[in-house]
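Have a look at this one.
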Amino acid sequence: MTLGKEQLRSRVSGREISYIPQAAMNALNPTLRIIRFIEDIMKEHRPELSRKQVWELAVERFETLNLSARVLESYPNELSGGMKQRTVIAISTILNPKVLIADEPTSALDVTSQKAVIKLLKHLLEKGYIQSLVFITHELPLLYHVTDDIMVMYAGEIVERGTAEQMIFDPIHPYTKKLMGSIIVPEEGMRGHKLAAIPGTPPNLKTVPEGCRFADRCTYAQSECRQGRIELQTFQDRSYRCIVPADTLREWYAHEDE
Amino acid sequence: MSAYGKYVVKKFFWYFVTLIVAIALNFLLPRMIEGNPVSVIVAQMTQGMTESDTIKRVYDTFAAEFGIDQPLHVQFFIYVKNLLTGNWGTSFGLYPKPVTEILASAIPWTIGLQLPAILVGWIIGNVLGAVAAYRKGVFDKVIFPVALFVNSIPFFTLAIIMLYAFALTLKWFPMHGGYDYQMIPSLSWEFIGSVLRHHTLPFLSIVLVTIGGQAIGMREMSIYELNSDYVLYSKLLGIRDSRIARYVFRNAMLPQITGLALSIGTMVGGSLICEIVFSYPGIGTWMFTAIRQLDYPLISGCTLLIALAVLLANFTIDLIYGWIDPRIKAAQMEDQ
Amino acid sequence: MNHSVRILLKSPKFMLGAVLLLLMIGVVMIYPLINRNDPLEMIALAYQPPDSKLLLGSDNFGRDLFLELIYGIRTSLQVGLIAGVFATAIGLVIGLASGYIGGMIDNLLTAVTNIFIVIPSFVILILISVSIDSRSSFVTAAIIGITSWPWTARAVRAQTSSLRNRDHVNIAKISGYSTPRIIMYEILPYIASYVVMAFVLQMASGILAEASISMLGLGPYNTISLGIIMNWALVFEAPVAGAWWAFIPAALSIAVITFSLYMMNTGMDEIFNPKIRS
Amino acid sequence: MKTNEVLISGKHLTKVFGYGKHKTTAVDDVSFEFHKGEIISIVGESGSGKTTLAKMIMGLLKESSGSISYMGKPRQLKRHADRKKYWKHIQAIFQDPFSSFNQFYKVEKLLLDCIRLQGLKLSKEEQLQKMKEACSFVNLKYEELHNKYPFELSGGQMQRLMIARIFMLHPQLLIADEPTSMVDACSRSTILDMLLKLRDENGMTIIFITHDVGLAYYVSDTLYIMERGKVVESGPAEDVIIHPQHPYTRQLISDVPKVHEAWDLS
């Protein structure tokens with residue numbers, strides 16, 4: 001299905017696909033009360049609602065999400081960082097979008113606020129206000145608790161995809177392996193545990209090297225890795241981008257961990 | 001007290017301090033003239049006069065006005081007391097006319113010229129600047145360089161060019177004054193027409209230059225706002241462009257209001273010189289005359305009046321700004 | 001530093017302004033060497049229109065207006081330069097002190113700056129000029145500079161107080177460097193482009209201020225400036241006499257000088273600002 | 001490794017900002033004892049006063065009340081000469097690598113300044129040798145970097161360069177204020193391992209400021225948990241994290257997502 005720009009705006013943006021930006025601090029117009037902004041959104045997507053109905057709807061939604069109705073009458077800068085982020089989430093999902101894209105929604109928050117945001121997102125999914133959630137982050141332990149599937153990207157490419165469980169405990173791609181090896185959590189046995197480190201830096205995307213984009217930093221790189229295009233392989237119910245068979249990689253990892 | 005009330009009190013306090021500094025400067029700086037200012041002034045004024053009685057009388061008048069024998073702080077209190085009681089001194093040039101009388105006759109002309117001109121210029125400039133930033137392309141490529149050029153023309157340069165082109169060469173508008181001096185001021189259509197015809201050129205020259213500066217500022221602010229996160233977020237939620245443009249315009253406008261407050265002093269100064277070019281019967285032209293005649297009381301009356309007017313304009317703008325920008329109220333609340 | 005200069009040379013706006021300005025400076029430096037006449041010498045009848053001998057005609061006193069214009073531009077540029085240096089130097093010192101030291105000194109200096117931003121500087125300019133009897137063009141320029149520093153001070157303070165909290169300044173502090181050294185190496189490079197831009201603007205407004213008070217009849221004595229030429233033209237009613245050459249060229253010269261300076265400033269702004277913002 | 005010799009200690013440290021109605025107490029009656037050769041983490045959320053405490057230890061902020069002793073003697077900071085002497089023993093790494101570097105000077109100058117700071121008189125070759133050594137300590141190549149400006153480097157590279165600087169200066173005390181919060185996960189591992197290496201090989205005392213209990217647990221010997229200006233719990237890392245006593249510590253730990261344990265989201 002192809003849509004024009006105007007159709008995309010009126011039919012998709014906000015009501016089918018919605019978005020939570022990384023910096024909630026600046027995502028809200030500083031001179032508009034929250035409720036005025038919600039009214040403006042409704043004017044675009046639900047023009048049949050009166051102001052009173054919009055108010056009632058907003059209060060109801062905010063209260064189910066444990067946000068006070070007073071927030072609606074506030075200006076953005078009267079809210080704290082965590083509160084602002086939750087308000088943004090409530091606004092983004094007020095039209096019950098099918099897909100919600102959350103771009104690092106917790107990276108600027110304290111752990112307590114982070115937890116509140118995660119709870120809120122889970123709540124939205126449980127209540128069916130949103131059907132799918134795309135969660136973009138570099139916080140792996142967080143993903144593990146929020147999402148069903150994890151997709152790892154490196155230098156502009158998907159390098160591996162699988163369920164959260166598989167990705168955290170049984171990574172296949174060498175990059176994913178290293179990434180998972182760098183997780184730090186306050187759990188017994190963490191101290192003295194050797195963290196994985198990746199030497200070097202990611203390639204400049206303006207001059208992408210031939211072959212595997214990770215080859216330069218990979219401990220297992222062979223000369224074949226630097227030739228042609230490496231395609232995504234399917235292995236059981238998951239996929240990864242590496243020329244080495246999954247079982248071989250697992251064997252190597254097992255040796256390394258000894 | 002409400003946050004806004006606090007804001008008003010705080011602003012009022014600062015403007016009051018500023019007012020005192022302005023009055024003190026107005027008092028002190030002319031007294032830096034070496035020697036006894038009164039004898040200097042009287043000597044200049046009475047050149048060619050021979051009657052010693054008259055000279056003595058003139059001297060006594062000014063000595064009393066200045067409180068010349070008293071210490072400086074007493075002189076200052078006399079000065080402030082005189083100001084408050086409406087005694088701003090006696091003009092030399094139009095002796096014995098009080099300075100306040102001359103200023104009172106000039107004020108309506110200056111306000112009638114400058115207030116509408118600055119406001120109209122400010123509004124048009126902001127609209128053009130916003131359009132240039134929002135529409136980009138041809139609009140921006142035309143409006144921006146033109147605004148940049150107009151902005152660098154001083155008020156009086158534009159005034160002189162207009163005077164030459166439209167009054168002198170094309171004879172569309174009169175060259176001098178605020179109205180046709182053969183007429184007797186009255187509320188007749190004829191007289192009002194004459195006032196308007198005299199008003200047009202100085203008005204336009206102030207408006208044009210103001211537009212230039214304001215359009216540049218507004219364009220910059222709007223571009224800044226257009227790139228902010230809330231614009232992208234609003235777009236992603238499906239809000240139509242015209243509504244987002246309204247958000248942007250409003251937010252870019254707020255700093256422009258403070259911008260107006262800060263540049264109003266310069267604008268008033270430029271406009272006063274504009275008056276001189278057209279011999280418009282306002283404060284500027286009186287000041288020009290006063291300086292030529294070394295009419296110190298009138299000069300200092302003019303400068304004080306200008307300073308007061310600019311302070312008042314600034315204070316008003318600050319109050320309006322505080323009223324419409326929610327961020328000010330929030331900032332006040334954080335202070336508490 | 002060289003790096004910034006090289007980028008600047010690529011900005012068409014900056015180059016247009018710079019070339020215009022240099023051209024004018026060149027002409028006003030060289031022409032008096034070719035035409036060694038005294039600009040105040042009366043060599044013709046009053047208000048002679050331009051011809052091949054008197055390129056811009058004569059004024060009320062029958063003086064060569066072209067020669068007057070050249071000297072006028074020269075004085076105006078000098079006044080602008082000196083006023084710019086004064087205003088920038090005072091503004092820089094006050095802004096740095098206020099922004100770097102902070103605390104009570106900052107509160108005090110900021111209050112003073114704000115007060116002098118609100119009181120129109122040309123009012124102070126008129127009051128001082130009226131009070132000083134013999135004003136050379138240097139004195140006039142100095143007075144202009146002294147009355148127009150608050151803008152620079154405010155900009156420098158804002159920049160400095162945000163830079164002061166940057167961690168490279170903290171690192172310099174705990175490396176034991178002295179305050180002057182920190183200001184010199186950790187603060188100044190960041191605000192250098194701002195200061196240069198402020199200087200260019202101050203120079204433009206200095207030229208305008210001189211023209212304004214000269215037109216009011218409070219300009220420097222014993223010299224010719226663009227404002228003084230226009231003052232003469234107005235006092236001796238050149239417009240009524242139809243002698244456009246007595247005021248239009250001077251008026252346009254001021255516009256061209258300010259335009260070239262504003263162009264340089266805009267060019268610099270476009271280049272330096274995004275770099276600092278990011 | 002950790003010794004019994006106290007390097008720096010604070011008694012009843014308090015820092016009050018503002019006055020009158022605007023008064024806020026950022027650090028409230030904090031006492032501590034940091035030993036030579038240990039890594040101490042100060043853990044707290046934003047507004048807990050951890051950075052203010054760090055700035056007081058660095059001598060960048062004056063304490064409102066309380067006192068700090070360094071190497072058994074009360075710390076003197078009144079005169080610039082005193083501060084200079086104290087600062088010879090101290091270095092810092094900050095959170096934001098982009099603000100930690102003076103963007104106008106090349107990497108080479110940054111490293112050369114370290115040599116100058118120590119007042120060493122070295123030949124060109126010796127200088128080069130020293131700078132190369134420092135870079136390789138943090139897995140960077142001097143040849144690739146020396147001619148670059150900081151803004152041409154990635155955040156991770158910049159932070160590692162900061163550690164290279166510490167390696168050259170080898171201070172007694174290093175204060176690392178959230179050094180990993182703005183870099184990617186892999187650079188984070190490298191930086192933490194470098195800190196451990198500095199402790200083990202140079203016997204450096206490191207104060208690690210963080211909001212992340214996980215990082216603190218991984219890297220440090222001793223933990224101080226701060227809440228609203230006060231230290232609510234302190235002790236060996238193992239005790240504090242595995243057997244937290246104070247409710248705030250428990251909450252902090254439970255708010256962090258785990259991998260092997262369940263995360264209570266109720």
Side-chain angles (χ1 to χ4, degrees), chain C residues 1-8 96 99-108 110 156 158-197 268 271-278, chain D residues 17-19 51 54-55 57-62 77 80-106 109-110 113-119 149-152 158-159 161-162 165-166 168-169 171 173-179 182:
Chain C
M1 217 54 207
N2 288 327
H3 186 62
S4 323
V5 173
R6 238 177 295 130
I7 311 175
L8 265 184
L96 279 175
Y100 191 78
I101 300 171
M104 280 312 284
I105 290 181
D106 182 26
N107 290 343
L108 188 77
T110 307
V156 170
Q159 291 288 320
T160 308
S161 62
S162 78
L163 280 168
R164 182 176 65 132
N165 294 322
R166 280 176 68 101
D167 291 330
H168 63 86
V169 175
N170 283 331
I171 287 177
K173 273 189 195 161
I174 53 175
S175 297
Y177 292 131
S178 63
T179 306
R181 202 204 126 110
I182 292 175
I183 290 180
M184 190 68 203
Y185 290 98
E186 307 291 333
I187 306 271
L188 275 182
Y190 280 87
I191 60 174
S193 61
Y194 267 85
V195 173
V196 172
M197 277 159 55
M268 286 193 274
I271 287 162
F272 294 132
N273 269 350
K275 196 176 134 198
I276 283 175
R277 276 177 201 149
S278 64
Chain D
F17 286 113
Y19 39 84
T51 296
K55 289 231 162 103
I57 296 174
M58 279 182 236
L60 289 175
L61 278 179
K62 206 176 164 295
L77 292 180
H80 185 71
D82 292 333
R83 288 197 290 271
K84 224 173 147 170
K85 217 167 109 201
Y86 177 64
W87 283 335
K88 273 215 177 320
H89 299 248
I90 285 184
Q91 271 305 325
I93 308 171
F94 294 99
Q95 174 174 16
D96 180 0
F98 297 90
S99 124
S100 301
F101 282 85
N102 187 331
Q103 303 292 338
F104 287 86
Y105 303 122
K106 289 179 180 166
K109 182 175 157 32
L110 178 92
D113 276 351
C114 295
I115 296 176
R116 281 196 207 113
L117 259 180
Q118 292 169 293
Y149 285 99
F151 54 84
E152 296 171 286
M158 285 195 215
Q159 265 333 32
L161 209 56
M162 272 290 143
R165 203 177 155 265
I166 304 302
M168 291 177 83
L169 293 168
L173 179 64
L174 168 65
I175 294 146
D177 187 355
E178 302 251 15
M182 289 176 79

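Convention: sequence-line order gives letters A, B, ...; per-chain numbering from 1. As the structure is a prediction and not an experimental result, all values here were calculated from the model.
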- Count the heavy-atom pairs under 4.5 Å between each of D:Lys55, D:Met162, D:Gln103 and chain C, then report the option with the highest count. D:Gln103
- Message: Checking the side chain of D:Ser99 only, and the main-chain atoms of C:Asp167 only, is there a donor and an acceptor separated by less than 3.5 Å?
- Response: yes
- Message: Set out, in order, the CA-CA distance, both residues' side-chain angles and the distance that settles side-chain contact (heavy atoms from CB on, under 4.5 Å) for D:Phe17 and D:Leu61, then state yes or no.
- Response: CA-CA 11 Å; D:Phe17 286 113; D:Leu61 278 179; 3.9 Å; yes
- Message: So does C:Gly99 get a backbone contact from the side chain of C:Gln159, meaning a donor-acceptor N/O pair under 3.5 Å?
- Response: no
- Task: Let me know if D:Tyr105 has heavy atoms under 4.5 Å from chain C in its side chain, its backbone, both or neither.
- Result: side chain
- Task: Name the region of D:Asp113, side chain, backbone, both or neither, that has any atom closer than 4.5 Å to a heavy atom of chain C.
- Result: both
- Note on the structure: Looking only at D:Leu117, D:Leu169, D:Ile93, the option with the highest number of non-hydrogen pairs under 4.5 Å against chain C is D:Leu117
- Hey, are the side chains of D:Ile166 and D:Gln91 touching, using non-hydrogen atoms and a 4.5 Å cut-off? yes
- Does a side chain donor of either C:Ser175 or D:Arg116 reach within less than 3.5 Å of an acceptor in the other side chain? no
- Message: Quick one: does any side-chain atom of D:Glu178 pair with a main-chain N or O of D:Phe94 as donor and acceptor, under 3.5 Å?
- Response: no
- Message: Give the interface residues of residues 180-187 of chain C toward chain D, defined by a heavy-atom separation under 4.5 Å.
- Response: C:Arg181, C:Tyr185, C:Glu186
- Query: Are C:His168 and D:Phe104 close enough that their ring centers fall under 6.0 Å?
  - Reply: no
- So, the side chain of D:Trp87 versus the backbone of D:Asp82: is there a donor-acceptor pair under 3.5 Å, distance only? no
